[in-house]
Each structure stands twice: as C-alpha cells, then as structure tokens.
Asker: 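Sending over a structure as structure tokens; questions will come in a sec.
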Amino acid sequence: MRRRINKVLIANRGEIAVRIARTLRELGIAIVAVYSEADAEALHRRVADESRCIGPAPANESYLSIDKIIEAARATGADAIHPGYGFLAENPKFVGACEEAGLVFIGPSQAPMFELGDKARARKIAEAAGVLTVPGLAEVADDDLAAAGTKIGYPVLLKPSAGGGGKGMVEVHAADEMKEKSQAARRIAKAAFDNDTLIVEKLVRPARHIEIQVFGDGQGDAVALGERECSLQRRHQKVIEECPSPVVDEAIRERMEASALSLTKSLKYAGAGTVEFLLGPKGEHYFLEMNTRLQVEHPVTEMVYGVDLVAAQIAVAEGNGIPQSLRDAKPRGHAIEARIYAEDPEAGFLPTPGPVLAVHRPEGPGIRYDGALEGEGEVGVDYDPMIAKLIAWGPDRDSARRRLLRAFGDLALLGITTNSGFLVRVLEDERFAKAKFAIDSLEGWIAEDGFFDDPNDKALLYAAAACAFGKRATRSGEGSEASMSADADVYSPFDREGPWRALQGKAD
C-alpha cells in the first residue's frame with residue numbers, strides 16, 4: 001500500500017537523531033523531536049521543527065517509554081516514527097504499538113523483529129534458509145553445559161540468547177571452567193535482558209567480524225550493499241569500521257551476500273538490516289545474528305555506494321519498494337569510520353561527562369562528521385557516552401586512512417576528555433595500516449606497554465586551544481576584525497604553533 005509520509009517523529013536522541021533529521025529535511029518531511037529533561041538544550045531538539053519533552057533523564061522514564069512516545073506522536077500529528085538505533089529500535093512491542101496507533105513504523109514489521117531478537121530462534125531461521133551457523137547448541141541446561149562444550153570442542157563461547165552488545169559473552173577454554181563462567185554469564189544475562197538462556201558455540205579464532213548491509217521490500221525481494229569490516233572491538237563493542245573489508249575478495253563477498261539475501265528474503269524483511277558473520281581463517285563464514293535496524297556504522301556504506309539509507313527506509317515505508325538507486329549502486333573507493341566517545345582510554349576507558357566549551361568540525365573532500373554537539377553543550381551521565389562519528393572516504397584504503405588522520409587533526413571537542421588520541425594511535429598503527437588484525441587484536445594492542453604514548457596528543461590540543469580562544473575572544477567583545485588580525489594565530493584552528501603558544505601564555 002502506497003502512502004505519503006508527511007511528518008516523522010524521531011524516537012531517539014544524539015547524533016543519530018540529528019543524522020535522520022538531515023535526510024528528512026532534504027525530503028521536505030516535517031521533523032518532530034522528543035527529548036528528556038536532561039536533553040532540553042540538545043542539538044537534536046534544535047534541528048527539529050517541533051519537539052516534545054517525554055520525561056525525566058532516566059531512559060526507562062523517557063526514551064524507553066512506548067506510551068510517552070506514542071502520545072507525543074499523536075499530540076504533534078506525526079504520521080510515522082523512525083526509531084534510529086538503540087532504545088526501542090528493535091523492540092517488537094514498540095512496532096505493534098505504532099501499528100495500533102495508526103503510525104507508520106520506519107523499519108521491519110513485528111514478526112521478523114521478534115523472531116530475530118532471540119539468538120536461539122535466529123540460528124534456527126538461518127539454518128532453515130540454508131545459512132551456515134557457528135557449530136553450537138542452544139538452550140542448554142546447566143548440568144549439560146560442560147558436556148556440550150566437550151562435544152563442540154573447546155574453546156567455546158557462551159552468549160545470552162537475548163540481547164546484544166557483547167553483554168554476558170564469556171569464553172570457556174576447558175570443562176572445569178564451565179560451571180563458574182556459566183553462572184556468571186547467566187547472572188549478567190538475567191540482569192541485562194531478564195532472560196538467562198545461554199547458547200554454546202565454538203570459539204572461532206582467529207576470526208573477523210564482517211557484516212552485510214541488506215535492504216528488503218517487505219514482499220520477499222531484497223538487495224545487498226557489500227560488507228563492512230567490524231573486527232576492531234573492545235569488549236565486543238566496535239571501535240573502528242570500514243567498507244569494504246580489506247580481506248574480503250569478490251568470491252567471499254558473493255557467498256556472504258548470497259547467504260544474507262537468502263535469510264532476508266525468507267523473512268519478507270522490510271527496510272534496512274544487517275546480517276553479521278564470523279569470517280574464519282580459511283574464508284568460511286558463519287551466521288552470528290541479524291540486526292533489524294540501521295547500524296551505527298551505516299555511513300561507510302553510504303559513502304562507498306553513494307546512497308542515503310535513511311531516504312531508502314522512508315521510500316520502503318511509503319510502499320514504494322526498494323529505490324532504484326540501491327539496485328544500481330556500485331562500490332567506489334574505501335571509507336573508514338571511528339566512534340568518538342567521552343571517555344578516558346588511559347583511565348580504563350571510564351566515561352568523562354562534563355561541559356563542552358567549543359566544537360570545531362573537520363571539513364574537506366571525503367570527510368563526514370555525524371555529531372550530537374555544536375558550539376557549547378553538555379555530555380551527561382544518563383546515556384551512552386558516544387558523542388560523534390568521524391568518517392573519511394578515499395579512492396583506496398590508505399588514502400581514506402590518511403584522510404581520517406588529517407581530519408582528527410582538525411577536530412576539536414574542548415572541555416572534555418575523549419578517545420580521539422586513542423583512535424589516532426590505532427589508525428597510525430602499522431598493523432592497522434596493513435590490515436593485520438582480527439576480532440581479539442585490539443584488546444591485545446591496548447595491553448601493550450606504551451600503546452597510549454601518542455605523539456599526536458599535542459596536535460589535537462592545538463586545534464582545541466585555537467577553537468577555545470577564538471570563541472572566548474568573541475564572547476568577551478574582543479573579537480573585532482582589528483583585534484583578531486592582531487592576534488591571528490590565536491584564532492586559526494589550523495595553525496599548530498600559534499594556539500600552543502597562546503595556551504601556554506594564558507593557561508592561568
């Protein structure tokens with residue numbers, strides 16, 4: 001059924017809400033933002049046409065409240081809801097509530113979201129679609145876990161059937177470890193997902209984490225838009241992603257896309273989805289899970305394939321089918337994305353909330369910055385500390401890598417500690433440059449002595465100091481053309497030595 005979407009409520013916050021709003025603005029669709037009391041001054045509220053407060057800071061009283069979001073959509077006259085990622089994006093109850101309220105949910109229908117939300121069910125669905133899964137067993141009783149591990153062959157991986165994000169995943173290397181580690185895994189799973197069911201799988205090492213971007217029309221047709229390399233992870237959380245993978249050749253790509261499309265078509269899936277695989281050392285690929293939403297790392301696919309996945313989501317939600325632009329899309333060049341967090345890598349990656357005094361966004365050909373802050377802002381303690389993503393495209397992988405490094409040199413987020421220096425260190429590492437890494441590599445690099453000795457810290461500070469003093473002068477009424485020309489080195493974020501001298505002279 002074809003329908004025109006006129007007003008979309010974005011049921012999310014931060015950088016993804018800002019990114020979705022950008023596409024809605026280009027399509028001429030009215031934008032409704034929702035915000036908690038903690039986000040009253042947030043950028044995602046300011047870029048919308050109208051906004052509604054949906055409660056206090058705790059997510060379960062605001063962004064996770066289905067009733068409050070549906071109420072906000074009705075009150076503002078929205079006819080559709082885009083969930084972004086996180087929060088309610090993969091909650092089938094939310095999809096059902098939207099349907100009951102007569103609202104278009106910009107994403108898949110309730111049934112595939114429910115079926116794929118449980119890893120045990122997802123394994124069975126994938127196997128039925130002819131997709132190879134990691135050797136393992138689902139829903140194993142406590143007394144049988146050690147024997148299951150022996151049958152599969154140690155080492156094995158325990159992971160919760162529900163949830164995601166690596167929570168509750170535990171490696172077990174011998175039968176005598178199983179009891180203690182399985183109990184710990186169940187406790188975490190119960191606390192995080194209210195479901196302590198575990199899956200036991202063979203631990204494939206060395207392995208790569210590769211995902212295929214798929215897009216379905218809801219009627220049984222689908223297209224695939226290549227792969228993303230997501231192996232650089234810390235505690236099962238992705239840090240740097242790229243498209244295409246530097247180790248996937250055309251033959252492997254065709255096999256993985258065929259598997260992903262077989263699963264997607266069997267579900268009559270609608271909209272954007274991601275089928276995740278383990279890529280083994282001999283080129284074998286095993287199904288991990290399917291994410292029924294837009295991914296954090298979707299910009300690298302957009303930059304390589306020249307498409308707008310949010311616009312395509314809306315086209316499918318309007319009943320127009322898969323856009324021809326997706327069917328015709330061909331890969332060009334290489335893109336790398338780095339996730340920027342308000343955290344201190346040298347202090348165990350602890351979050352570093354606080355005020356942001358100034359932001360300088362890098363610019364230039366092939367650079368994309370998806371951020372939640374502009375000018376002054378605040379990184380609070382109530383939500384995930386990811387504040388931005390920096391993405392670079394180049395004609396080949398090394399040019400994209402070098403362009404991303406240059407962009408980090410021009411980025412400033414003054415007032416808080418971020419992981420930018422750590423990301424620069426990873427991008428400069430010879431092992432990354434040569435694509436010599438696997439899923440567990442980054443944890444090993446972090447543990448090395450001297451890994452955090454980053455010679456670029458001062459360079460990053462130069463741009464930050466320039467931004468800060470430029471902004472401070474303007475605010476104090478000293479920012480006239482005459483005064484700025486007299487102290488020009490203080491205000492240029494690209495002048496490395498001038499801002500550093502200014503910082504040393506005005507630090508007190």
Asker: Do the charged groups of Glu211 and Arg228 touch, with an N to O distance under 4.0 Å?
Answerer: yes
Asker: Less than 4.0 angstrom from a charged side-chain N to a carboxylate O is my criterion; do Arg431 and Glu448 meet it?
Answerer: yes
Asker: Please tell me if the side chains of Leu232 and Val426 come closer than 4.5 Å, counting only heavy atoms from C-beta onward.
Answerer: yes
Asker: If you look at every heavy atom in Met113 and Phe105, which pair is closest and at what distance?
Answerer: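 That would be CE-CE2, 3.9 Å.
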Asker: May I ask you to say whether Glu302 pairs ionically with Arg368, meaning some side-chain N is under 4.0 Å from a carboxylate O?
Answerer: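 Counted as a salt bridge, because a side-chain N and a carboxylate O are separated by less than 4.0 Å.
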Asker: If the threshold is 4.0 Å, N to carboxylate O, is there a salt bridge linking Arg19 and Glu15?
Answerer: no
Asker: Is the positively charged end of Arg234 above the ring of Phe349, judged by distance under 6.0 angstrom from the centroid and angle within 45° of the axis?
Answerer: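 Here Arg234 passes the 6.0 Å and 45° test against Phe349.
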Asker: Does the pair Lys265/Asp217 count as a salt bridge with the N-to-O cut at 4.0 Å?
Answerer: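 Answer for the salt bridge query: no.
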Asker: For a side chain to side chain contact (heavy atoms under 4.5 Å, CB included) check, start with the C-alpha distance between Leu427 and Phe408, then their side-chain angles and the critical distance, and finish with the verdict.
Answerer: CA-CA 10 Å; Leu427 291 166; Phe408 267 111; 3.9 Å; yes
Asker: Measure across Ile10 and Ala17 and return the closest heavy-atom pair with its distance rounded to 0.1 Å.
Answerer: CD1-O, 3.6 Å
Asker: What I want to find out is whether Asp384 reaches Arg339 closely enough, with some N-O distance under 4.0 Å, to be called a salt bridge.
Answerer: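 Salt bridge absent between Asp384 and Arg339.
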Asker: Is it true that the NZ or CZ of Arg425 lies under 6.0 Å from the centre of Phe432's six-membered ring and within 45 degrees of the ring axis?
Answerer: no
Asker: Donor-acceptor pair, Asn419 side chain versus Phe422 backbone, under 3.5 Å?
Answerer: no
Asker: May I ask you to decide whether Arg361 forms a salt bridge with Glu374, counting only side-chain N to carboxylate O separations under 4.0 Å?
Answerer: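 Yes, charged N to carboxylate O under 4.0 Å.
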Asker: What is the minimum heavy-atom distance between Gly333 and Trp393, and which atoms define it?
Answerer: CA-NE1, 3.7 Å
Asker: Salt bridge check: are Lys7 and Glu50 linked by an N-O gap of less than 4.0 Å?
Answerer: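 Yes, Lys7 and Glu50 are salt-bridged.
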Asker: Salt bridge or not for Lys159 and Glu289, using N-O below 4.0 Å?
Answerer: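 No, no charged N to carboxylate O under 4.0 Å.
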Asker: So which of Glu41, Arg13, His44, Arg45 actually passes side-chain hydrogen bond (donor to acceptor under 3.5 Å, both in side chains) with Tyr35?
Answerer: Arg45
Asker: When you check the gap from the basic side-chain N to the acidic O, do Lys238 and Glu241 get nearer than 4.0 Å?
Answerer: no
Asker: Nearest heavy-atom pair of Tyr383 and Asp39: which atoms, and what distance?
Answerer: CE1-OD2, 3.8 Å
Asker: Is any side-chain heavy atom of Tyr369 less than 4.5 Å from a side-chain heavy atom of Val359?
Answerer: yes
Asker: Is there a side-chain contact between Ile340 and Leu411 (heavy atoms, below 4.5 Å)?
Answerer: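 Contact flag for Ile340/Leu411 side chains = yes.
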Asker: May I ask you to decide whether Arg253 forms a salt bridge with Asp249, counting only side-chain N to carboxylate O separations under 4.0 Å?
Answerer: no
Asker: Regarding Lys268 and Asp221, does a basic nitrogen lie under 4.0 Å from an acidic carboxylate oxygen?
Answerer: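 Salt bridge between Lys268 and Asp221, a charged N being under 4.0 Å from a carboxylate O: no.
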Asker: Under a 4.0 Å threshold between the charged nitrogen and the carboxylate oxygen, would Glu171 count as salt-bridged to Arg205?
Answerer: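 Salt bridge: yes.
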